[in-house]
Participant: 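Please see the structure below; I have some questions.
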Amino acid sequence: MAPGLGLALGLSAGMVQSQTILPDPVAGVEGEMGTQAGLDAWIQDFRPRALAAGIPAATFDAALRGVEFNAKVVERDRNQNEFSKTIWDYLDTAVSEDRVTLGLQALDRHRALLDRIEAQYGVEKEVLAAVWGLESAYGTYRGDLPVLGSLATLAYEGRRASFFEAELLAALKIVQGGHVDRFAGSWAGASGHTQFMPSSWEKFAVDFDGDGKRNLWGDEPADALASTANYLRHWGWTKGQPWGVEVKLSDGFDYDQTTERVVKPVADWQAMGVRTILGADLPDHGPGSILLPGGHRGAAFLIWPNFQVIEKYNTADAYVVAIGSLSDRLRGGPPIQSTWPRDLRALTLDERRELQDRLTRAGFDAGGVDGRMGPKTVAAVKAFQKARGLVPDGYPSLEVLTLLR
Ligand code: CA
């Protein structure tokens with residue numbers, strides 16, 4: 001994510017992490033903090049495994065010589081879920097007028113390149129620009145933490161050791177192949193214009209400018225944007241299908257139907273009285289779902305499978321809506337029309353856990369007490385709301401928590 005534009009990690013509904021391939025962190029775990037000496041010992045322990053995986057000894061030694069233990073990265077990893085934002089606060093920053101303006105300029109500047117990528121991979125240039133805009137403010141903020149240091153620290157520090165060790169191995173392959181000059185990124189090892197994890201580089205990066213390197217880090221964004229297109233295509237992007245459209249629900253709409261788990265033909269939604277936010281008939285792009293990412297007092301969207309493709313970058317609803325809305329704006333479309341319930345605040349991590357705990361005790365299976373507002377928690381909130389005669393929108397509000405107390 002782009003630190004310079006304040007896209008903090010951790011949203012109330014679905015935690016924002018840079019790319020979905022990051023496993024769920026165990027939030028707020030206390031424990032021994034590692035040391036530089038501990039990291040140095042770990043690197044010696046890791047060395048034979050890396051060499052066995054095909055990293056030449058000279059590459060390994062040169063790359064990891066002098067790597068520094070980074071306590072801040074560990075801290076960040078342990079605490080990332082404690083900070084919460086509502087979707088409207090997130091969108092204010094993610095789809096700010098500044099980001100739209102800069103995006104239009106970036107599209108102008110790179111139009112020929114983006115046209116070629118769109119033609120080859122079948123992913124619209126505005127979508128690629130939106131990912132670029134959110135991940136690095138169009139290449140402006142690519143992160144300045146040494147990737148090898150972050151990954152080595154997180155691999156050594158232990159809680160998700162095997163995941164980060166595999167990422168470190170992939171990062172060493174990047175170094176080995178001479179693909180990167182300045183290997184810097186954000187705290188968990190995502191790096192480059194569109195913040196790829198090294199394992200994603202391994203699987204999806206392409207050499208679009210044909211210089212023999214799959215370089216996501218240099219000033220030229222060609223490889224990074226094409227790699228992002230390749231990533232989205234791999235996960236099933238359908239050109240011409242919107243991510244979603246903002247809709248208006250009919251009075252008395254059955255809120256049980258508002259979840260990604262309910263998929264219906266557009267004609268069915270139309271028959272249930274759903275219209276675009278401007279009151280027009282729904283465009284038919286195949287079966288879709290109705291999503292209320294800010295509860296029933298916020299915007300509603302009819303979403304299509306491309307929504308789930310963007311989720312492969314980041315599972316948070318807010319992130320996907322931001323990419324979608326920003327891409328709409330870059331195409332000349334309107335901003336989200338509905339207002340949001342700005343009087344509501346995001347629940348803290350402790351409150352989210354308490355909500356799950358109390359739901360479970362009250363007989364509504366929240367799927368664990370991890371602070372993540374995943375599908376099971378949302379379903380449990382809906383069931384509780386129904387039982388209490390509230391609008392069952394599944395939104396984990398303070399009102400719901402208060403009623404459970
Ligand atoms: Ca290249």
Side-chain angles (χ1 to χ4, degrees), residues 1-2 18-19 21 53-56 58-60 62-63 102-103 105-151 166-186 188-235 237 239 309 312-313 323 327 330:
M1 306 296 291
S18 197
Q19 296 193 42
I21 43 179
I55 304 298
T59 301
F60 184 94
L102 292 170
Q105 291 167 0
L107 272 173
D108 267 353
R109 205 162 52 244
H110 298 281
R111 189 166 300 276
L113 168 69
L114 285 162
D115 279 340
R116 277 190 290 130
I117 295 173
E118 178 174 325
Q120 183 164 338
Y121 293 94
V123 181
E124 288 85 344
K125 54 182 164 295
E126 295 86 359
V127 172
L128 299 172
V131 173
W132 193 21
L134 253 68
E135 294 294 341
S136 70
Y138 312 101
T140 312
Y141 300 100
R142 283 171 260 165
D144 49 16
L145 292 175
V147 171
L148 296 174
S150 300
L151 292 175
E167 292 295 334
L168 180 56
L169 262 182
L172 287 167
K173 291 177 190 166
I174 294 170
V175 173
Q176 183 192 340
H179 297 276
V180 61
D181 293 325
R182 182 176 170 273
F183 205 178
S186 55
S191 64
H193 287 268
T194 50
Q195 298 287 288
F196 265 41
M197 291 298 286
S199 59
S200 287
W201 173 87
E202 222 178 347
K203 293 189 201 92
F204 302 110
V206 296
D207 173 21
F208 195 74
D209 63 9
D211 69 350
K213 306 295 181 196
R214 298 190 280 158
N215 183 350
L216 313 182
W217 303 273
D219 289 336
E220 278 305 313
D223 287 4
L225 294 172
S227 299
T228 297
N230 190 40
Y231 185 90
L232 295 173
R233 179 178 69 169
H234 171 84
W235 292 110
W237 187 265
K239 194 178 178 191
V309 177
K312 295 293 183 184
Y313 231 92
I323 293 285
S327 67
L330 296 179

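When a ligand or atom number is given, it counts from 1 through the structure's own listing order.
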Participant: With distance as the sole criterion, is a donor-acceptor pair present between the side chains of E124 and S327 under 3.5 Å?
Facilitator: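 No, S327 and E124 have no side-chain donor paired with an acceptor closer than 3.5 Å.
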Participant: Angle between ring planes, Y138 versus W132, binned at 30° and 60°: parallel, tilted or perpendicular?
Facilitator: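 Geometry flag for W132 against Y138: perpendicular rings.
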Participant: Are any N, O or S atoms from E220 nearer to the Ca ion (ligand 1) than 3.0 Å?
Facilitator: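 No N, O or S atom of E220 is closer than 3.0 Å to the Ca ion (ligand 1), so no.
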Participant: Between K213 and the Ca ion (ligand 1), is there a contact where an N/O/S atom of the residue lies under 3.0 Å from the metal?
Facilitator: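 True for K213.
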Participant: Checking one value in my table: which N/O/S atom of D209 lies closest to the Ca ion (ligand 1)?
Facilitator: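 Looking at D209, the N, O or S atom with the least distance to the Ca ion (ligand 1) is OD1.
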Participant: Got a donor-acceptor contact below 3.5 angstrom from the S136 side chain to the H193 backbone?
Facilitator: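 Side chain of S136 to backbone of H193, a donor-acceptor pair under 3.5 Å: yes, one is there.
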Participant: Is it true that D219 and R182 make a salt bridge, defined as a side-chain N closer than 4.0 Å to a carboxylate O?
Facilitator: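 Salt bridge between D219 and R182, a charged N being under 4.0 Å from a carboxylate O: no.
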Participant: Determine which of the N, O or S atoms in D223 is closest to the Ca ion (ligand 1) and give its atom name.
Facilitator: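 So the atom name we want here is OD2.
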Participant: Hey, what's the ring geometry for Y231 with F204, parallel, tilted or perpendicular (30° and 60° as the breaks)?
Facilitator: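 Y231 and F204: perpendicular rings.
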Participant: What's the atom name of the N, O or S in D211 nearest to the Ca ion (ligand 1)?
Facilitator: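 It is OD1, the N, O or S atom of D211 closest to the Ca ion (ligand 1).
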Participant: Would you mind naming the N, O or S atom of D207 nearest to the Ca ion (ligand 1)?
Facilitator: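 Closest to the Ca ion (ligand 1) among those atoms: OD1.
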